[in-house]
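Just so it is clear: chains get the letters A, B, ... in the order the sequence lines come, proteins before strands, and each one is counted from 1.
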Amino acid sequence: GENVEQHPSTLSVQEGDSAVIKCTYSDSASNYFPWYKQELGKRPQLIIDIRSNVGEKKDQRIAVTLNKTAKHFSLHITETQPEDSAVYFCAAAEPGRRALTFGSGTRLQVQP
Amino acid sequence: DARVTQTPRHKVTEMGQEVTMRCQPILGHNTVFWYRQTMMQGLELLAYFRNRAPLDDSGMPKDRFSAEMPDATLATLKIQPSEPRDSAVYFCASGLTGTGVGELFFGEGSRLTVL
């Protein structure tokens, strides 16, 4: 089955800096790659996703890039703010398997 | 604002006791997932159902865990007997899946502590 690895496990940045979180996946057939944000004590919520037919997607300060050849994808957050502090999970899904395999999470701390 | 509802939110129990967690998915969603979250394992898939049929429960310890979906508005996850290593937050999520996966909507989670 699919295996997703996520790095780094913790990331601390100054407010206004950029943050990058990287994930690799094992199954070349995977075609859907979402990112979820989980604030402390809350539920995970989708913030952005990308499908394998595109290489990049942006939504205001967040963007996701996908490199199918290398089987990795990344989350980019620009102009970070304290409210971006949370745990971020990447995930991947193989076609025909209607469930997500999640990475181990990255705890992002934005220092004011 | 449609949400996935989970009960109980918190449960403290003694080792060996039975624990049942319940989930009401968002009306109209056809797929329901159970994930377990621990500090060490992240979000671990336990089981999921599509149109109430179990599709995969390979992530569950079969000897003590069972998952069912008796109707479209209720999914249950049962642990019997519970053990301290089962202490975790259990999330239910629902979504609308066709040929692939879409957005998952998570409940608030059930925090289980087994003493």
From OG1 (A:T101) to CG (B:L45), nearest 0.5 Å:
7.0 Å
Rounded distance [0.5 Å steps], CD in B:E103 versus CD1 in A:I47
11.5 Å
What residues form a side-chain hydrogen bond (donor to acceptor under 3.5 Å, both in side chains) with B:T31, not counting sequence neighbours?
B:T97
Between A:Y36 and B:L43, is there a side-chain heavy-atom distance shorter than 4.5 Å?
no
What part of B:F105 is in contact with chain A, defined as an atom under 4.5 angstrom from a non-hydrogen atom: side chain, backbone, both or neither?
neither
Contacting region of A:E94 [heavy-atom separation from chain B under 4.5 Å]:
neither
Set of residues satisfying side-chain hydrogen bond (donor to acceptor under 3.5 Å, both in side chains) with respect to A:T106, sequence neighbours excluded
A:Q6
Among B:L104, B:L55, B:D56, residue most engaged with chain A (heavy-atom pairs, under 4.5 Å):
B:L104
Neighbour count >12 (heavy atoms, 6.0 Å) for atom CG, B:L115:
yes
Contact class of A:A99 relative to chain B, heavy atoms under 4.5 angstrom:
both
Is it the side chain or the backbone of B:V89 that comes within 4.5 Å of chain A heavy atoms, both, or neither?
neither
Give, for atom CD of B:Q37 and atom CZ of A:F89, the distance between the pair rounded to the nearest 0.5 Å.
4.5 Å
B:R64, CZ atom: more than 12 neighbouring heavy atoms under 6.0 Å
yes
Count the heavy atoms belonging to other residues, nucleotides or ligands that lie under 6.0 Å from CZ of B:R50, then report whether that count exceeds 12.
yes
Counting only heavy atoms from other residues, nucleotides and ligands, does the tally under 6.0 Å from CD of A:Q111 exceed 12?
yes
Can you confirm whether more than 12 heavy atoms, excluding those of A:E83, are under 6.0 Å from its CD atom?
yes
Closest heavy-atom pair and its distance - B:F106, A:P44
CD1-O, 3.5 Å
